[in-house]
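Have a look at this one.
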Amino acid sequence: MLEAVELRKVFKGKTAVDHVSLYLDEGESVGLLGPNGAGKSTTISLISSLLAPSSGDVRLNGNSVIAKPQQLREVIGVVPQEIALYEALSAYENLKFFGRIYRLQGKQLEMKIQELLEVIGLRDRQKELIKTYSGGMKRRVNIAAALMHDPKFVIMDEPTVGIDPQSRNHILETVRLLNREKGTTVLYTSHYMEEVEQLCSRVYIMDHGRIIAAGTTEELRRILSGEDTLLLQLDKPDEKLAQELRELEPVRQVEEMDSGLKLIVTKQSHLLSEVVQAAERHRVQIINIHVQTPTLEDVFLHLTGRTLRD
Amino acid sequence: MISFFKKDFLVYWRDRKEIIISLITPMVLITVLSLALPGWVENSTKSLQMKVAFVNLDDEETGLQQIRELLSQQTLPQETKDLLGQQLEQSAPAGLFKQVLQEDSVKEIVTLVELDNEEALRRLEDGQIDALFTIPEGFTFAVLNKMLLNEGEGSEILITADDGSLQVDVLKDIIGSFTRTLNLQAAIRHVSAGNPDLDADRLMADSEIGGREIVPGVKIVTSFQYYALAISIVFALMISVTVSSKAIAEKREHTFERILLAGSKPVNYLSGKMSSTICLSLAQLVIVLLLSHFIFGIFTDRSWQFWTGMAAVLIIMSVCMGALSSLFTALVFRLDDQAASGISFIAVIIAGSIGGSFVPVYVLPEWLQAAGEWTPNGLGLSVLLKWLQTETINDLSDAMLKLAAFSIISFGLAVWIFPKRGRVQ
Ligand SMILES: Nc1ncnc2c1ncn2[C@@H]1O[C@H](COP(=O)(O)OP(=O)(O)O)[C@@H](O)[C@H]1O
Ligand SMILES: [Mg+2]
């Protein structure tokens, strides 16, 4: 088991990570969810021994690894948020270098490189330089580089930001394969709710350096059991209508979306008619009303009053 | 370690822009500067002129008298004794040496003043003269005794100078060629003593004395030679900065974090920078110098000894550049990027300037020239220029030891200041 205990990191007076505790049981797939600036990357650097915490501890099977991270470093693979590759080298050369520094050699090294290139689907383009790759291809190599030494724990920091859907699916598939078929423990950081909901059995939600909620996806959704999500599809956006709805008693949150409004409301039967009347007063036509079961996105909105993508 | 070398080498190698800069620019600069500023280099190396005092501590008459007495005691044929006796007057060695100094080719360089010992030393200290020749006491007797009778240890003319400069090398050469002449004479005399058919004087006339033979080692540095060496060396220095600056990208792009996570030792990481810089700067030096040689013919008719010596200096200098590169890399991790590249840049500009890479060292004030020899590029350049002129092995080995020490210290320093915590800041 890998655990973080009351981790704290202060940068020049600014607390980036504030008493964060979390754990990863072997074979689990755990999500770390939070908007930009929440402190996810810093938390990962602390856990993976790249940063020294201001206070708190990181433990591997109960032993602190802060002072002597060597034991931990052998069993974790970290996929950084940035593309941490040599642009001037090919995918093959990058993997070879990173494999070598993990003391892989000869046939074993060669086989591992080809195996991972197969997994990320870049075998036929392995000789091309990283700088000629698309963002998605770079991201895939970025993952492979962290897997060269068959780590027991893999920590991924937003591995899918800013890439095409095809690469994204490929990456999600890779993570699933790692976790389900190889039994690798995964900590998956993201600000995409859908990904975490799909991949992870347990989730930590982070905001402003703190863990604000934790549990299985089911447990987290239950936070919202007293609430519904209403999706209103409107013919045109209307600021004033949103304002008026916000002031209604049972409405907890109103979020403006592309095609209308998203309302989080306490379960109440006569609300719908009030919404319809308000729309009529503002001469906005409701095209569709949809009552949704809550998602993690809604949980986050509920907890912080903000959406994840702000 | 090999993997770090390969990585650093490839990263540089793929940077075509960098490669072109390090090969084309020097060639252009060498051509332009050599054609534009030949006078700055060539006039300065021509002026080997020096004032030398001649101090004679020997009593020539007494020496000759002693030899005459010894000769008369020898059991030699009377004929030979007469012949030797006749020649004694002309062959007083101190006199012969003075004759050598009167030769035109020597007079071009050496202005002679005859002084007593104290006065000469005083003027040397004041810098009014550059060196002094001392004929030691008993010189005439010792030399003739050795020469004519093959007895005793002989004697030597002494040179005193306050620094081991090129000029002293020239003086040594003059004495060296004088001694060879004496030895030749002695040999001929011994042969002719047993064989009256041989005419010693005729043989002497055939042998080469004077003329070019007197200052055999010293050659003038041409502006092409100067700039080929100076420019290629400063570009090697720049390679060390460029290779180390790739560490900024490794820090920024987090590849260094991966290296840390793999548990690699700082020494391995730094030796990757060092070894790749050694290869790259050596390749650069060799290519630029060979190109200059083939295009401008700068080293034609040189001995294999010259080429070997130059290769040795270039190799050890590349090692220095490698060590510097590791030091600059360590700075990148110790300071922030801007500060580190600022410091490396300033270091190269200063070392390049006082080391004579931008303007000929000869135009710098003397104290700056001296300071320049404390930079690896400056020392390398000055020793290669000397080597071009005199091929004196001692100068070479001295400088190579210093360069080796410089490399060891720089690399040690790099390892020492490299952050050890194995964490990023
Ligand atoms: N090296 C640093 N120095 C100062 N502040 C930092 C540093 N790294 C991160 N921060 C700050 O810490 C906070 C959390 O950052 P980060 O961990 O990158 O968040 P996330 O990964 O969730 O987007 C941010 O406000 C960021 O500005
Ligand atoms: Mg982040």
Side-chain angles (χ1 to χ4, degrees), chain A residues 11-12 41-42 44-53 66-90 92-105 109 129-132 138 142 144-149 151 153 155 157, chain B residues 1-22 239 242-273 275-276 280 329 332-333 336-337 419-425:
Chain A
F11 291 116
K12 300 186 191 97
S41 296
T42 310
I44 283 179
S45 292
L46 292 170
I47 295 177
S48 56
S49 83
L50 284 170
L51 272 180
I66 298 281
K68 283 219 161 94
Q70 198 46 48
Q71 192 195 355
L72 170 73
R73 287 178 176 180
E74 271 161 32
V75 296
I76 60 165
V78 180
V79 179
Q81 184 172 352
E82 299 79 12
I83 310 285
L85 299 170
Y86 291 99
E87 293 263 315
L89 305 189
S90 66
Y92 174 81
E93 287 162 342
N94 266 286
L95 294 185
K96 189 161 187 172
F97 172 68
F98 290 118
R100 273 252 170 94
I101 60 176
Y102 274 106
R103 294 165 289 281
L104 262 64
Q105 276 175 349
L109 174 64
L129 304 190
I130 295 292
K131 63 174 159 222
T132 65
K138 289 181 187 176
N142 201 35
L147 303 177
M148 285 299 294
H149 59 299
F153 298 90
I155 302 181
D157 195 353
Chain B
M1 212 206 92
I2 280 286
S3 40
F4 284 98
F5 165 75
K6 278 193 188 158
K7 176 259 300 177
D8 285 322
F9 187 87
L10 272 181
V11 166
Y12 187 94
W13 183 244
R14 297 266 163 80
D15 197 342
R16 289 299 131 128
K17 195 181 74 214
E18 214 60 71
I19 300 272
I20 288 174
I21 286 177
S22 70
I239 288 182
T242 316
V243 171
S244 69
S245 71
K246 306 278 181 200
I248 294 178
E250 288 182 297
K251 203 165 80 164
R252 192 182 53 228
E253 288 161 8
H254 302 262
T255 38
F256 183 70
E257 292 186 3
R258 289 195 191 263
I259 293 171
L260 276 184
L261 284 170
S264 301
K265 292 197 186 69
V267 174
N268 285 340
Y269 176 73
L270 290 174
S271 23
K273 298 275 180 261
S275 51
S276 55
L280 290 163
T329 305
V332 168
F333 287 93
D336 72 79
D337 303 350
K420 269 170 217 57
R421 287 153 300 147
R423 293 200 153 93
V424 291
Q425 263 108 337

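Throughout, a chain's letter reflects where its sequence line sits, starting with A, and its residues are numbered from 1. Just so it is clear, the values below take in all heavy atoms, side chains as well, and ignore hydrogens, waters and symmetry mates.
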Part of B:Ser3 within contact of chain A (heavy atom distance under 4.5 Å): both
Toward chain B: residues of residues 76-83 of chain A with heavy atoms under 4.5 Å: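 Near chain B, by residue number: A:Ile76, A:Val78, A:Pro80, A:Glu82, A:Ile83.
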Chain B contact via A:Tyr86 - side chain, backbone, both or neither, heavy atoms under 4.5 Å: both
Residues in side chain to side chain contact (heavy atoms under 4.5 Å, CB included) contact with A:Arg103, at least two apart in sequence or another chain: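 A:Arg103 satisfies side chain to side chain contact (heavy atoms under 4.5 Å, CB included) with no residue once adjacent residues are dropped.
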Neighbour count above 12 (heavy atom, 6.0 Å) for A:Gln105 CD: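 Result for CD/A:Gln105: open.
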Intermediate values then yes/no, side chain to side chain contact (heavy atoms under 4.5 Å, CB included), A:Ile130 and A:Leu89: CA-CA 6 Å; A:Ile130 295 292; A:Leu89 305 189; 5.6 Å; no
Qualifying salt bridge (Lys or Arg N to Asp or Glu O under 4.0 Å) pairs with a residue from residues 258-267 of chain B, counting only residues at least two apart or across chains: none
A:Lys138 bridged to A:Glu87 by N-O distance under 4.0 Å: yes
Which portion of A:Leu129 sits near chain B, non-hydrogen atoms under 4.5 angstrom: side chain
SB check B:Arg252 B:Asp337 (cutoff 4.0 Å): no
Mind listing the side-chain donor-acceptor pairs of residues 4-11 of chain B below 3.5 Å, one per line with the distance, residues two or more places apart or on another chain?
{"from": "B:Lys7", "atom 1": "NZ", "to": "B:Glu250", "atom 2": "OE2", "distance (Å)": "2.8"}
{"from": "B:Asp8", "atom 1": "OD1", "to": "B:Lys273", "atom 2": "NZ", "distance (Å)": "2.7"}
{"from": "B:Asp8", "atom 1": "OD2", "to": "B:Lys273", "atom 2": "N", "distance (Å)": "3.2"}

